[in-house]
A.B. asks: 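Sharing a structure here in structure tokens format.
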2 protein chains.
Amino acid sequence: MQVSLQALKAFESAARLGSFKLAAEELSLTPTAVSHHIGNLESRLNVSLFHRQGRRVSLTGTGSRLAKATSDGFRKIDNALEEVMKAGNAVRVTTTSSLAAMVLIPSQHEFEQANPDISIEISTGESVDSQSYIIPIRFGDVSFAKESDVIRTESFNIFGAHGVTPPSWSNETITIFTTEWKNKSLPDPPLADWLKKNELDWANIKLKKFDQELFGIQQAMAENGLVFCSTTLAERLLKANLLQQFETKTVKSDLCYYVPNKDSFETRSAVMFLNWIENILNR
Amino acid sequence: MQVSLQALKAFESAARLGSFKLAAEELSLTPTAVSHHIGNLESRLNVSLFHRQGRRVSLTGTGSRLAKATSDGFRKIDNALEEVMKAGNAVRVTTTSSLAAMVLIPSQHEFEQANPDISIEISTGESVDSQSYIIPIRFGDVSFAKESDVIRTESFNIFGAHGVTPPSWSNETITIFTTEWKNKSLPDPPLADWLKKNELDWANIKLKKFDQELFGIQQAMAENGLVFCSTTLAERLLKANLLQQFETKTVKSDLCYYVPNKDSFETRSAVMFLNWIENILNR
DNA sequence: ATTATAGATGAGTTTAGCGCATCTATAGGT
DNA sequence: ACCTATAGATGCGCTAAACTCATCTATAAT
């Protein structure tokens with residue numbers, strides 16, 4: 001290399017700020033270092049870049065031409081670096097309200113404790129800017145997702161609020177909260193399968209539908225009722241004794257959570273997060 | 001600074017060439033150094049920039065985004081640097097054919113010997129691109145030039161080819177080569193003044209005019225004749241005994257050589273050259 | 001299978017970059 | 001007009017960053 005890049009950086013700063021002292025502050029250096037750098041640059045290029053008017057400096061013609069180019073060049077590089085660093089030290093996730101509220105947000109703290117240098121931003125809703133560096137955890141039909149992208153296949157069961165007495169499936173009329181997705185192309189919750197597997201029928205069952213699993217679960221807890229929902233969402237509440245499960249059997253569904261092109265996330269933080277969330281969901 | 005510029009430079013090169021080894025060669029480093037730089041970069045940014053496929057590397061998505069920016073940025077800077085360095089290590093001059101042929105070109109070698117790191121390009125003709133970094137040595141009316149720009153005021157005299165017998169001004173008819181500028185706004189050579197100062201008259205004088213002093217001088221030498229020209233151009237030929245001067249007195253003229261905005265040239269080489277040529281012309 | 005090559009890794013060495021002390025010139029206040 | 005405070009220049013010594021060397025691994029080529 002003919003000239004040092006650090007010298008150019010010092011020059012760029014000094015040129016932009018019109019002062020070696022200010023440049024030194026910006027770069028966390030002493031004015032001495034800046035002076036050395038610029039002197040070095042001038043002698044290597046055989047050009048004077050600043051007019052020295054006693055204790056004041058001003059750019060020469062050549063100096064300002066060079067300053068234009070260095071400023072533009074370094075700005076371009078700095079912007080790209082900032083982008084990359086943002087991506088490297090934070091994880092931005094978007095997903096459904098239900099997964100966010102029931103799993104991600106409650107566990108967020110645990111992850112950030114284990115990885116103090118990585119911060120997580122969780123957003124819900126369809127603001128799929130498809131902006132690079134955002135990790136989308138999608139909810140959908142398992143047959144539409146690449147196998148390697150799937151992080152959790154959904155199983156369903158009936159859960160009851162804490163303290164509710166186990167229902168007697170034959171005698172009384174039972175109200176069950178369940179979900180009817182807004183998006184009609186999604187497979188329905190496998191209630192029919194579940195009844196079959198548990199050798200029950202529709203006779204005494206009354207359904208109450210919400211468009212997000214989250215709402216059914218909350219309603220069940222609020223009204224001491226029953227909810228038919230995914231084990232994924234119920235798990236934490238079971239452990240916390242806010243929900244209970246009965247002697248019923250879990251059924252698989254065609255639903256899953258997946259991250260499109262999961263393996264294309266290259267930042268350390270994204271990789272850490274994806275490993276972690278996959279572990280959380282499947283433990 | 002968060003990341004080292006040299007590491008970025010190494011990354012840019014490796015990204016562009018697709019190989020650490022080639023990058024190392026380009027930067028005159030060992031592959032080890034490039035590997036260290038890129039590893040360092042990746043760990044500081046918390047991002048992997050290259051996929052390592054055994055002994056082969058390829059950019060990740062993030063890597064190629066960053067590479068785009070760094071390549072653009074460094075290219076911009078490098079181009080500007082090259083411009084400046086060209087200006088710093090070479091002098092480009094344009095001037096009249098006469099000054100070029102009679103003074104600049106014959107002395108060019110001497111300057112380049114004294115300043116081995118500076119090369120001179122001399123061009124004539126009106127290709128005044130007004131391109132930056134070109135030094136124009138103009139020939140014109142002294143009253144039109146800034147005083148500080150003038151590097152030589154012209155004096156004129158009669159000179160004869162080597163071996164020609166001094167003319168007897170009174171008896172015979174004498175042919176004198178002189179100049180009539182193409183550019184009519186230039187002051188004529190001060191032949192009238194010269195005759196007056198030397199107490200001679202037009203009686204026996206026959207003029208032959210060229211549009212450049214150079215031609216008159218060459219013609220005089222070729223035909224053993226006399227030429228009325230500037231001392232500036234004659235000087236070197238006098239020393240070389242190719243021309244001789246007589247007992248006549250020199251007269252000043254309103255003509256001069258000047259360099260517009262002479263003091264605005266900031267490159268070391270331009271400054272060196274200007275000092276040197278001013279010295280040559282006035283010694 | 002064997003060899004040659006690209007890159008990774010760790011430790012030792014060199015040098016570029018930086019700060020300190022000192023000096024000069026000047027802007028700004030009294 | 002003088003004094004003071006400030007910006008920058010310069011020379012020298014130190015340290016951390018950058019580089020190389022030796023060694024190791026994986027893989028492409030033959």
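Sequence lines set the chain letters: A, B, ... in the order given, protein chains first and strands last, and positions in each chain run from 1.
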A.B. asks: Send over the distance from B/Glu25 CD to C/dA6 P, rounded to a whole Å.
C.D. replies: 9 Å

A.B. asks: Compare all side-chain heavy atoms of A/Met102 with those of A/Glu235 and state whether any distance is below 4.5 angstrom.
C.D. replies: no

A.B. asks: For the pair made of NZ in A/Lys21 and P in D/dA9, what is the distance, rounded to whole Å?
C.D. replies: 14 Å

A.B. asks: Is there side-chain contact between B/Asp263 and B/Ser148, with heavy atoms separated by less than 4.5 Å?
C.D. replies: yes

A.B. asks: Minimum heavy-atom separation for B/Arg44 and B/Gln2, please, with both atom names.
C.D. replies: CD-O, 3.2 Å

A.B. asks: Do any side-chain nitrogens or oxygens of A/Ser35 fall under 4.0 Å of OP1 or OP2 in D/dA7?
C.D. replies: no

A.B. asks: Picking from C/dG17, D/dC21, C/dG7, which would you name as closest to the side chain of B/Val57?
C.D. replies: C/dG7

A.B. asks: Verify whether the ring centers belonging to A/Phe139 and A/Tyr258 lie closer than 6.0 Å.
C.D. replies: no

A.B. asks: Between B/Glu26 and B/Arg16, is there a side-chain N and carboxylate O pair less than 4.0 Å apart?
C.D. replies: yes

A.B. asks: Taking OP1 and OP2 of D/dC19, is either one under 4.0 Å from a side-chain nitrogen or oxygen of B/Thr30?
C.D. replies: no

A.B. asks: Would you mind telling me which of C/dT26, D/dA26, D/dG8 lies closest to the side-chain atoms of A/Arg55?
C.D. replies: C/dT26

A.B. asks: I'd like to know if A/His36 reaches the base of C/dG19 with its side chain such that a donor and an acceptor end up less than 3.5 angstrom apart.
C.D. replies: yes

A.B. asks: C/dT15 C1' sits how many Å from B/Gln6 CD, rounded?
C.D. replies: 11 Å

A.B. asks: Mind calculating the distance between CZ (A/Phe11) and C1' (C/dG17) to the nearest angstrom?
C.D. replies: 19 Å

A.B. asks: Looking for any heavy atom pair under 4.0 Å, which part of the strands does A/Ala33 touch: base, sugar-phosphate only, or nothing?
C.D. replies: sugar-phosphate

A.B. asks: Rounded to whole Å, please give me the gap between CZ in B/Arg44 and C1' in D/dA17.
C.D. replies: 10 Å

A.B. asks: Output the rounded distance in Å from CG (A/Leu5) to P (C/dG17).
C.D. replies: 9 Å

A.B. asks: Quick check on D/dA7: is either OP1 or OP2 less than 4.0 Å from any side-chain nitrogen or oxygen of A/Ser19?
C.D. replies: no

A.B. asks: Can you tell me how far P of C/dG17 sits from CG of A/Leu27, to the nearest Å?
C.D. replies: 13 Å

A.B. asks: Between B/Pro31 and A/Gly18, who's closer to the 5' end of DNA chain D by nearest nucleotide?
C.D. replies: A/Gly18

A.B. asks: Rounded off to whole Å, could you give me the CD1-to-P distance for the A/Ile38 and C/dG17 pair?
C.D. replies: 14 Å

A.B. asks: Please compare A/Thr32 and B/Arg52 by the position of their nearest nucleotide in DNA chain C and report the one closer to 5'.
C.D. replies: B/Arg52

